[in-house]
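Worksheet: the structure to be examined is printed underneath.
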4 protein chains.
Amino acid sequence: MTTVLPARKLKVGILGATGTVGQRFIVLLETHPLFTIHALGASPRSAGKPYDQVVRWKMNAPYTKAVGSLVVQACEPQPFADCDVVFSGLDSSVAGDVESAFLKADIAVFSNAKNHRMGANIPLIVPTANPEHLTVIEHQRAQHNLKYGFLVTNANCSTTGLVVVLRALQDAFGPLSHVMVTTMQAISGAGYPGVSSLDILDNVIPLIDGEEDKMETEVAKILGSVLPDNSGFRALDNTVVSATCNRVAVVDGHTECVSVKFARSTDPSFSPPTVAEVDKVLSDFQSESQLLGCYSAPKHPIVVATQPDRPQPRLDRDTHGGNTVTVGRIRPCPVLDLKFTLLVHNTVLGAAGSSILNAELAVAKGVLKARE
Amino acid sequence: MTTVLPARKLKVGILGATGTVGQRFIVLLETHPLFTIHALGASPRSAGKPYDQVVRWKMNAPYTKAVGSLVVQACEPQPFADCDVVFSGLDSSVAGDVESAFLKADIAVFSNAKNHRMGANIPLIVPTANPEHLTVIEHQRAQHNLKYGFLVTNANCSTTGLVVVLRALQDAFGPLSHVMVTTMQAISGAGYPGVSSLDILDNVIPLIDGEEDKMETEVAKILGSVLPDNSGFRALDNTVVSATCNRVAVVDGHTECVSVKFARSTDPSFSPPTVAEVDKVLSDFQSESQLLGCYSAPKHPIVVATQPDRPQPRLDRDTHGGNTVTVGRIRPCPVLDLKFTLLVHNTVLGAAGSSILNAELAVAKGVLKARE
Amino acid sequence: MTTVLPARKLKVGILGATGTVGQRFIVLLETHPLFTIHALGASPRSAGKPYDQVVRWKMNAPYTKAVGSLVVQACEPQPFADCDVVFSGLDSSVAGDVESAFLKADIAVFSNAKNHRMGANIPLIVPTANPEHLTVIEHQRAQHNLKYGFLVTNANCSTTGLVVVLRALQDAFGPLSHVMVTTMQAISGAGYPGVSSLDILDNVIPLIDGEEDKMETEVAKILGSVLPDNSGFRALDNTVVSATCNRVAVVDGHTECVSVKFARSTDPSFSPPTVAEVDKVLSDFQSESQLLGCYSAPKHPIVVATQPDRPQPRLDRDTHGGNTVTVGRIRPCPVLDLKFTLLVHNTVLGAAGSSILNAELAVAKGVLKARE
Amino acid sequence: MTTVLPARKLKVGILGATGTVGQRFIVLLETHPLFTIHALGASPRSAGKPYDQVVRWKMNAPYTKAVGSLVVQACEPQPFADCDVVFSGLDSSVAGDVESAFLKADIAVFSNAKNHRMGANIPLIVPTANPEHLTVIEHQRAQHNLKYGFLVTNANCSTTGLVVVLRALQDAFGPLSHVMVTTMQAISGAGYPGVSSLDILDNVIPLIDGEEDKMETEVAKILGSVLPDNSGFRALDNTVVSATCNRVAVVDGHTECVSVKFARSTDPSFSPPTVAEVDKVLSDFQSESQLLGCYSAPKHPIVVATQPDRPQPRLDRDTHGGNTVTVGRIRPCPVLDLKFTLLVHNTVLGAAGSSILNAELAVAKGVLKARE
């Protein structure tokens with residue numbers, strides 16, 4: 001299986017390029033075989049200056065001189081008109097209008113922002129969970145009369161890790177009726193400066209504004225199906241999710257303690273899958289991103305840890321380049337059916353990495369193409 | 001309400017005096033109006049030397065010169081024969097036999113170790129949850145033919161915080177059928193040297209050996225009732241507990257995310273209590289330790305946080321001297337009935353503080369007396 | 001020695017009451033025998049509302065209902081006109097003008113801000129190092145024609161710990177020609193939200209803007225002498241200080257590694273003091289705040305740690321209520337004469353605690369009085 | 001410049017393979033073009049079992065199945081007889097005798113342990129500082145009548161970062177008379193389990209046993225010269241080093257605050273180099289490892305940070321694969337001549353990485369060869 005390459009490298013624009021997600025986009029795209037960084041967008045305050053002068057770089061890998069010398073643009077369609085694709089790491093306070101403007105300007109956009117996620121014909125895609133939702137792009141193009149443009153969103157970082165595993169379980173053992181999840185989330189999820197050190201050193205913050213609601217609503221859309229006419233999505237309506245979100249003193253990597261109940265569990269003849277069965281199903285799970293040979297696709301969407309005290313954020317977040325979900329502690333749940341703990345790299349698969357892998361999928365499926 | 005004082009200060013022995021729990025006992029007892037530190041016990045390696053020479057002191061308050069000059073004893077009954085009460089902070093590898101020997105030697109023992117917790121006529125007491133279980137002491141004394149001696153244990157640190165709140169809910173709204181709890185536990189719970197810094201800095205450990213089992217079994221005994229003949233306890237048999245325990249980078253203070261379902265919830269006419277009702281019930285909850293005016297009793301066994309992002313370990317663990325449980329984020333649970341987050345100081349109420357408050361209760365109830 | 005009490009409790013105003021230093025003032029003053037909190041000042045945005053509604057409380061001890069219900073004032077002299085003394089925890093962006101206005105309005109001000117520290121007749125006082133500098137207040141009053149008012153500043157938090165020890169060494173062994181200091185400073189020194197968690201978790205920040213310059217200049221004024229006519233200060237002019245300041249992942253407590261050279265060291269007949277001599281001199285050091293029986297005065301301005309791996313911030317910062325400096329690792333320096341490590345609680349002695357102890361000194365010396 | 005390759009990949013043995021340094025050796029060697037992992041040695045307790053069964057893996061990159069299935073050997077020469085080179089990550093409690101035995105058995109050893117560092121004809125080499133010291137190997141071979149064997153040590157992790165920069169300064173501006181260094185060292189330097197989390201969370205430990213002495217003595221040997229007859233080394237005798245070593249809450253990467261004085265500084269005509277001159281000298285510094293095209297040689301032995309608040313361990317430790325030293329904050333020192341802050345990755349360049357780069361140098365110079 002080899003990476004599907006476009007006719008030429010696609011020109012990439014990055015919106016919100018000075019922020020945490022934007023910086024991660026730059027790190028992941030600088031050596032990417034399909035994409036080349038072509039334009040950077042940031043706030044009006046930064047526009048007109050070289051990236052080097054305006055960024056407060058916080059990644060632990062450097063950016064190239066070529067990127068550093070790019071003149072930052074305002075986040076408007078015109079300066080990005082010759083980009084084949086735009087990745088948006090914009091803050092939700094501005095992302096809604098900006099991304100709509102880009103869509104209308106016939107530019108393909110992959111967005112990390114929450115604003116359009118629940119839009120009726122906007123795919124909300126975790127690349128190793130529901131890549132088939134990309135088919136709704138055609139409906140978008142028809143609606144807005146577009147040739148190249150479309151808008152695809154990816155999920156909240158905590159949702160992302162969860163749905164990959166839920167999808168694998170659902171495919172193997174049927175629908176889930178109940179999902180309980182308690183998260184321990186990394187500080188990088190809040191951007192920079194984000195979480196004050198006085199709030200997190202020797203501490204836990206038991207609330208992340210809006211996060212629980214996102215987890216409880218996004219799951220149903222992502223695990224739902226595409227409508228027969230491709231005009232939108234049918235959300236799961238029988239899966240109840242209860243989320244509790246905490247912030248802990250971890251730099252990168254969200255840990256999630258999950259319990260699930262299978263819909264068939266009310267059937268007296270049903271016995272929940274054994275730990276060995278779950279282990280095998282998760283380990284063997286494959287998504288279209290593997291099957292299509294996407295460059296950033298992890299070898300396995302899910303890795304089951306072999307040590308009993310894993311996954312751990314510091315040790316497991318970078319597995320397969322941060323695009324895999326690591327699962328451990330699979331065991332029966334006395335209250336629901338099954339318990340396990342998962343880990344997702346919140347700024348790779350949980351943010352920029354999802355967008356990029358989504359774009360690779362769109363290239364492989366022929367939806368994202370070089371402008372002619 | 002004033003503190004009940006014995007005829008004279010009771011002479012206290014501390015077993016495991018060089019360990020983390022033992023050091024906490026010393027800090028809490030040095031200025032205590034009922035107790036005076038009389039003897040210290042530690043491993044054979046330390047016995048015979050002044051405490052000053054053998055302790056590696058890790059508390060952030062100093063010990064007195066008087067304590068420092070006490071000659072450490074072996075953990076055998078003889079050198080503690082004139083103690084009115086002994087507090088045990090022994091490691092579970094030795095606590096079982098040592099505490100049995102002290103009991104047989106007619107010495108009153110309050111133990112933090114897990115060894116005897118599930119013993120048939122051994123009270124497992126969280127002082128602000130089930131002080132009435134002290135009545136079984138009479139049966140112990142009859143069995144072993146004791147005048148002064150008895151053995152009372154306190155619960156695992158994570159169990160402790162949980163049962164105080166469950167007791168208040170159960171008293172007000174009836175039995176609980178299901179309890180789901182996910183903990184984020186402090187490093188001090190593992191003693192010294194305990195958790196390696198390489199395992200916890202920028203990390204979460206998703207497993208604490210044996211902890212989940214303790215939480216799932218201790219709850220039923222603590223929230224159960226004393227048998228009519230006072231010979232032991234009847235555990236709850238219809239409450240299912242599912243625990244998931246994690247270690248996080250916090251020095252002191254266990255945070256627990258809890259969801260509960262009420263037994264009456266299957267009754268169509270039952271509606272779960274509102275957030276305001278739960279808030280009032282928890283805030284108003286009183287235990288015998290308050291009613292009897294015990295010295296270390298917190299003003300309120302449970303404090304409901306008024307800020308939406310609380311409780312937080314660093315800010316709330318020391319409320320009422322670390323003997324209260326702080327609850328926040330009370331809200332409905334989409335899967336069970338009710339969700340909330342609680343915080344307990346694991347080395348105060350969750351360990352040494354419980355033992356001391358249990359001893360104060362025993363004094364107030366006339367069970368623990370000065371030797372004549 | 002007993003605390004000197006004024007005729008009645010002095011009415012206290014606190015400027016910058018919602019900030020980190022302001023909150024610390026409230027904690028330290030709520031139970032103070034000389035002072036009673038009378039008025040709180042904060043930004044115009046907060047003025048006119050009860051403190052309870054505008055503060056984001058971050059101390060680990062609660063404030064009283066009385067404080068919570070105080071209506072916050074603008075930071076202007078008028079609403080503080082009946083205060084006997086005002087403590088300023090204002091940010092340096094506004095402190096300069098505000099404090100000048102209060103001084104002119106004949107109000108006694110003790111300030112933490114840096115703005116007026118180097119003013120010609122403004123005492124810069126670390127209470128356990130140079131309390132005699134208070135005598136310049138008379139000159140201030142004469143200059144501005146004041147009856148009650150004056151302005152006293154305290155030093156930068158890192159300077160504070162250092163000068164207490166340098167003063168003791170200088171008194172015993174003569175002037176210092178060279179001082180090298182490398183600090184590891186706590187995050188609370190930067191206020192709230194202050195240091196981003198992404199900058200300090202698993203990290204060190206090797207720069208604190210302006211801090212090295214403050215340390216290098218403040219030392220000379222503090223260790224200098226009052227001019228014969230009490231009109232100002234004569235700074236040390238033969239002591240060279242070289243400071244390097246780092247931020248580390250510690251909540252409270254600045255650690256400083258110090259090397260010093262004595263001026264007499266160039267004299268061939270001089271041999272530097274031994275470790276035992278230094279230990280004794282530091283342990284025996286007494287300041288006027290002890291001699292005058294000030295309430296907050298630590299029993300010892302300097303405590304010499306007995307364990308070889310101390311001082312440590314988490315274990316030693318609260319010694320004597322955070323108003324002492326702990327010193328350890330006293331040993332010869334191969335390059336200069338003497339090396340040691342010190343610890344100072346940066347938000348107690350290093351900030352609010354110094355102001356309060358300075359005010360107690362001013363009461364004891366009869367300079368600060370109740371308004372008639 | 002291309003990497004010099006031996007005739008075939010050299011077979012590598014790793015002693016102490018289950019420890020922290022040993023695990024790092026495995027990560028760095030698994031994909032190395034010159035070396036192939038051939039044998040693993042560990043304690044008798046582990047010997048005879050597959051590596052997979054005995055290692056508690058703590059690196060954040062996995063090891064291969066091939067390594068996992070290697071049967072662990074006792075640390076004796078016989079099972080390593082067909083290794084071309086052995087890397088020792090042994091603890092100093094056993095390293096002395098074991099490494100001597102390997103040397104006598106004609107096996108080339110590169111050791112991280114401190115035991116032989118100060119041996120008369122044992123090179124103590126930091127590869128980007130004093131590779132020319134390898135010439136003493138001939139004398140070793142003559143002494144012990146060896147064909148393939150020799151013993152090379154690398155320096156303490158803190159020394160390593162320091163001497164690279166001192167060497168560059170000394171080469172450009174002449175000998176240094178005084179060096180003051182205060183370190184803030186990462187927890188990984190103490191191995192696993194190493195530092196207790198209770199000692200380092202919200203804390204600084206101001207003492208690392210033996211570390212200051214190592215820094216003060218190793219510098220003189222490393223910066224010294226080879227004796228004319230190649231029989232050993234002439235240490236610097238006019239450079240005084242004063243070291244203060246602290247442990248901070250950082251996973252990897254030692255930060256060092258350094259002040260230096262040049263020997264010529266006593267000459268009235270000497271003016272210390274400017275910041276710009278120092279910046280250029282450090283940035284331009286090249287070592288033999290670059291000139292010989294060694295595979296692991298960093299592009300630059302020293303990188304001068306361009307941001308004023310750098311170097312920072314989390315952001316800079318991985319530059320050039322962890323084999324470079326990052327320097328920042330270059331400025332005049334009021335007490336000595338020049339101050340700066342440096343960062344070294346303590347488990348790469350400061351440990352396993354130095355050994356491997358030393359071995360690459362030995363291959364490039366023809367000293368380390370494949371057995372025939």
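Letters A, B, ... mirror the listed sequences (proteins, then strands); counts begin at 1.
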Does a sphere of radius 6.0 Å around CZ in A:Arg331 hold more than 12 heavy atoms from other residues, nucleotides or ligands, not counting ones at 6.0 Å or beyond? yes
When the 4.5 angstrom heavy-atom criterion is applied to B:Ala186 and chain A, the contacting part is neither
Per-residue tally against chain B (heavy atom, under 4.5 Å) across A:Asp309, A:Val204, A:Thr244 peaks at A:Val204
So, the part of B:Glu256 with a heavy atom under 4.5 Å from chain A: the answer is neither
When the 4.5 angstrom heavy-atom criterion is applied to A:Leu198 and chain B, the contacting part is both
Per-residue contact mode, A:Asp252 against chain B (heavy atom under 4.5 angstrom): backbone
Counting only non-hydrogen atoms closer than 4.5 Å, does B:Pro308 touch chain A with its backbone (N, CA, C, O), its side chain (CB onward), both, or neither? both
Given the options A:Arg329, A:Met180, A:Met184, which has more heavy-atom pairs under 4.5 Å with chain B than any of the others? A:Arg329
Determine whether the side chains of A:Ser158 and A:Gln185 contain a donor N or O and an acceptor N or O closer than 3.5 Å. yes
Under a 4.5 Å heavy-atom cutoff, which of A:Leu315, A:Val240, A:Val335, A:Val250 has the most pairs with chain B? A:Val335
Heavy-atom side-chain contact between B:Pro272 and B:Leu338 under 4.5 Å: no
Looking only at B:Pro311, B:Pro332, B:Ser177, B:Gly328, most heavy-atom pairs under 4.5 Å shared with chain A are made by B:Pro311
Which atoms of B:Val248 are under 4.5 Å from chain A, going by heavy atoms: the side chain, the backbone, both sets, or neither? side chain
Is there a side-chain contact between A:Arg310 and A:Asp316, using heavy atoms and a 4.5 Å cut-off? yes
Check whether the side chains of A:Thr159 and A:Lys214 place a donor and an acceptor atom closer than 3.5 Å, and report yes or no. no
Name the region of B:Leu201, side chain, backbone, both or neither, that has any atom closer than 4.5 Å to a heavy atom of chain A. backbone
Taking atom types as modelled, is there a side-chain donor on B:Asn346 or B:Ser188 under 3.5 Å from an acceptor on the other? yes
Is the shortest side-chain N to carboxylate O distance from B:Asp202 to A:Arg317 below 4.0 Å? yes
Is there a donor in the side chain of A:Thr20 and an acceptor in the side chain of A:Lys58, or the other way round, less than 3.5 Å apart? no
